[in-house]
Amino acid sequence: MKKKICTWCKPAAALLMFAFLLLLIAAFLLQQVKTAKNSAQAFLMSFQEAMVMQLSSVYNYADDLALIVKTDGNIDKAAAQILTRPASVYISMLQDNTVTKIYPQNSEWTAEMGHNIAALDYAYTLARARGEVVIEGPITLGKDKQSLFLTIVPLFANSVYQGEAMVALDANMVLDACNFEQITAHGYQYEVWRVNPLDGHKEVIRKSEETMDLSSAVEAQFALPTMWTISIMPKSGWYNKGLLVALLLVACGITAGFTWLLSLAADKKELQATIAMTQNIDAETGFYSRKGFLQQLAIWTHTPEKPFALIYIVLNNYNRIAQSGTSSEQRLLLEHLKNCLNGYVKSEHLVARVGEHNFVLAVRETMSQIELENLKKGLMLELIYKAVIHGERVFLIADATSVQFPEDGTEPETLMQTIFERFSEKICAENPLRDMAQKCEQLAQGDESVQFGEYADADINHLAKALMQYRKKMEKK
C-alpha cells in the first residue's frame, strides 16, 4: 500500500505545482485585465465627455437660435445666420403646436408647413413635455432619406409654452466631428448605439468593424435624453495572448524542472533507504544486523507493559560447515537457520545476526523462567544440523542463554551487554577449555575485542593471562 501511495506522489506533486502555477498565471492575467479595463474606462469617460460636449453644446444650434431671436427679435435674420454654420440643414419654427416657418424657404422641407406637433417626430413632443433641449437622431427625413440630428428647444413666455425652435443637422458631419478615429488610434474597437425609445430595439450609430465580439467591453452611457451607449475593448483582447502562451511554457518548464528535482530527491531518498536497509539487515540471512536490531528493540521498550525475552544463540561448528561445504550446502545451512529461527516461535519476534555464528532472538511474550528455559531447549534441539565434510559427520550444535525485559534491564544496549556477559560466564563455568579455544580462534581471525574471563581452574587462568600479555606485546610491535 505504501509503495502504491508513493507511486502517485511524484505525479500528484507535479500536478499540484502546475495547478499552483496556473493559479498564479490566472491571478496575473486577471490583474492585467483589471488594469487594462480601468485604463479603457478612464479613456472612455474622457471621450464621452468630449462627445457630449459636441452634441449638446457645440452643435446645439437650437439654443443659439432661440437666444438670437430673443435678443434681436428678427426670426428670419436669426435663421439665416444659423444656416451658415457647419452641418446646418434646415430650421423649423412651431407656434403653439403647429409648424409656422421653415428655413430655407422654398426648400423640400417646407412640406412640413402647417403640420401639427403630433404628426412630427416624437422629439418635438418630448421637448415640450421636458421643457428643455432635446437632441434626437440620427433619423432619416426628406425625399432623399437624409440622416439628420434634430436639436429642439421649447420656447416659453412667462412660463407659458409658446412653441419650439428646431435646427436639423447633417448627422454624418456631426458624428465625424466626434472624432471616433481617436478610439481606434488608441487600439480599441468600438460601437456607439442607443435603444429606440418607441420600440426598444437597438440602433447602432457607429462601429469600427462590421463583425466583432464586444461581450466583455467596457461601456459608458449618457442621455440626450435618449440613452446612448459607447462600448469599447482592445482589438487584441484584454490580455496579451502571446504573453499567455509564454507564461504557460514557463509553467510547463518549471513543472518539468520540479518533477526532475523531485525524482532526484526520491532517488536519493530511496538510495539512503537502501543504504540504511543494508546497514540494518544482514545480507546473507535477511535477519537484522546488530544496529537494526537495537533500533527495533528501542521501539519495543517504549511499551513496558509488553515484556519480551532475548535469547542469545551461538552455533558451534558453523564456520567449519559453512566454509568446507559447497555453495549448495551453504545455502541449505542458511535455509535451515532461517526456518528454525523464524518458524519455531509463533509469537511476535525479531531475529538478529550479531556475529558470524552468533544470533539473538527477541520474543515478545509474557513467560515465566521455566517457560523461557523450555523455549531455549526446544530451539537448541531444533537448530541441530548434520553435515558430512570429507566423509566425516559434523554437527551444528547451539548454545544459548537469555535475559528478560524489563527484569534484566530497560535499555537495548544494556540487555545485549548483559546477555553476552551471561553467555561468557556460562561457557567459562561449563567448559573453560572450550571457551579458551573459541577465543583463541577469534584472536587468530583478527578479532581485537576478545577478552579472557576469570576461570576457576588456576592453570587455565594462568594460561589465559599469559595469552593476553602476549597479545598486548604483539600489538605494540
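Using modelled atom types, no side-chain atom of S147 and backbone atom of A171 make a donor-acceptor pair closer than 3.5 Å. The main-chain N or O of A322 is found under 3.5 Å from a side-chain atom of Q330 such that the two form a donor-acceptor pair. Between the side chain of T151 and the backbone N or O of N60, no donor-acceptor pair lies under 3.5 Å. Under a 3.5 Å cut-off, the side chain of D170 and the backbone N or O of M173 do form a donor-acceptor pair. Using a distance-only test at 3.5 Å, with no hydrogens or angles considered, a donor-acceptor pair links the side chain of T259 to the main chain of T255. Within the 3.5 Å criterion, the main-chain N or O of D76 finds a donor-acceptor partner in the side chain of N74. Side-chain atoms of E371 come within 3.5 Å of backbone atoms of S368 as a donor-acceptor pair (strictly under, hydrogens ignored). Of the possible polar contacts, none joining the T414 side chain to the G409 backbone as a donor-acceptor pair under 3.5 Å is found. Between the side chain of S289 and the backbone N or O of N280 there is at least one donor-acceptor pair closer than 3.5 Å.
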*asked:* I'd like to know whether L155 forms a side-chain contact (heavy atoms from CB on, under 4.5 Å) with M93, so could you lay out the CA-CA distance, the side-chain angles of the two residues, the decisive distance to 0.1 Å, and finally the verdict.
replied: CA-CA 10 Å; L155 304 175; M93 302 294 294; 4.1 Å; yes
*Criterion side-chain hydrogen bond (donor to acceptor under 3.5 Å, both in side chains) on T229 and Q221, from CA distance to verdict*: CA-CA 4 Å; T229 302; Q221 293 182 323; 3.1 Å; yes
*Verify ring pair (Phe, Tyr, Trp, His ring centres under 6.0 Å) between F18 and F258, making sure each step is shown before the conclusion.*
CA-CA 10 Å; F18 190 64; F258 174 75; over 10 Å; no
*Derivation and outcome, side-chain contact (heavy atoms from CB on, under 4.5 Å), residues Q54 and V174*: CA-CA 8 Å; Q54 286 286 334; V174 173; 5.9 Å; no
*Derivation and outcome, side-chain contact (heavy atoms from CB on, under 4.5 Å), residues V360 and M416*: CA-CA 9 Å; V360 180; M416 294 287 280; 4.1 Å; yes
*Would Y385 and L337 satisfy side-chain contact (heavy atoms from CB on, under 4.5 Å), going step by step from the backbone distance to the final call?*
CA-CA 9 Å; Y385 180 82; L337 292 177; over 6 Å; no
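Counting heavy atoms from C-beta on, the side chains of E164 and V153 never come closer than 4.5 Å. In this structure, V351 and Y288 have side chains that are not in contact, with every pair of non-hydrogen atoms separated by 4.5 Å or more. Within the 4.5 Å cutoff, the side chain of R128 has no heavy atoms near those of the P154 side chain. You'll find the side chain of T110 stays beyond 4.5 Å of the side chain of Y103, heavy atoms only. At least one side-chain heavy atom of M51 sits less than 4.5 Å from a side-chain heavy atom of I230. Counting heavy atoms from C-beta on, the side chains of L55 and L224 come closer than 4.5 Å. Side-chain contact between L141 and Q146: absent, with no pair of heavy atoms (C-beta onward) separated by less than 4.5 Å. No side-chain heavy atom of R85 sits under 4.5 Å from any side-chain heavy atom of L169.
The CG atom of L415 lies 7.5 Å from the OG1 atom of T410; values are rounded to the nearest 0.5 Å. The line from CG of L361 to SG of C340 is 11.5 Å long, rounded to the nearest 0.5 Å.
Applying the salt bridge (Lys or Arg N to Asp or Glu O under 4.0 Å) rule to D176 yields the partners R206; only residues at least two apart in sequence or on another chain are considered. In this view, K207 and E210 satisfy the salt bridge (Lys or Arg N to Asp or Glu O under 4.0 Å) rule, not counting sequence neighbours. The side chain to side chain donor-acceptor pair (under 3.5 Å) search around Y90 returns E112, not counting sequence neighbours. Qualifying ring-ring contact (aromatic ring centres under 6.0 Å, His included) partners for F405, counting only residues two or more places apart in sequence or in other chains: F308. For T303, the side chain to side chain donor-acceptor pair (under 3.5 Å) partners two or more places apart in sequence, or in a different chain, are R364.
Contact check on E365 versus K306 returns no salt bridge, with no Lys/Arg side-chain nitrogen under 4.0 Å from an Asp/Glu carboxylate oxygen. Between E413 and R290 there is a salt bridge, with a side-chain nitrogen of the basic residue lying less than 4.0 Å from a carboxylate oxygen of the acidic one.
Residues Y344 and L375 share a closest heavy-atom pair of CE2-CD1, 3.6 Å. Taking every heavy atom of both residues into account, L21 and A251 meet most closely at CD1-O, 3.5 Å. Of all non-hydrogen atoms in S402 and I419, the two that sit nearest each other are CA-CD1, 3.8 Å. Residues Y61 and I82 share a closest heavy-atom pair of CB-CG2, 4.0 Å. Closest approach of A398 to I313, counting heavy atoms only: CB-CG2, 4.0 Å. Nearest approach of A78 to I68, heavy atoms of both residues: CB-CG2, 3.4 Å.
Within 6.0 Å of atom NZ in K235, more than 12 heavy atoms from other residues, nucleotides or ligands are found, so the atom counts as buried in its surroundings. A 6.0 Å sphere centred on NZ of K338 holds more than 12 heavy atoms belonging to other residues, nucleotides or ligands. Around atom OH of Y122, more than 12 heavy atoms belonging to other residues, nucleotides or ligands sit under 6.0 Å away. Atom CG of N106 has 12 or fewer neighbouring heavy atoms from other residues, nucleotides or ligands inside a 6.0 Å radius. Within 6.0 Å of CE on M53 lie no more than 12 heavy atoms contributed by other residues, nucleotides or ligands.
Side chains of T35 and N38: no donor on one and acceptor on the other come within 3.5 Å. With hydrogens and angles left out, the side-chain atoms of Y312 and N358 include a donor and acceptor closer than 3.5 Å. No hydrogens or angles considered: a donor-acceptor pair under 3.5 Å links the side chains of S215 and D213.
The side chain to side chain contact (heavy atoms under 4.5 Å, CB included) test with D121 is passed by exactly one of L148, I152, I139: I139.
Centroid-to-centroid, the aromatic rings of F180 and F47 come within less than 6.0 Å.
W238 carries K37 over the face of its six-membered ring, with the cationic atom under 6.0 Å from the centre and within 45° of the normal.
Sequence neighbours left out, the pairs with a member in residues 181-194 that pass side chain to side chain donor-acceptor pair (under 3.5 Å) are E136-R194, E191-K202, W193-S231, R194-E203.
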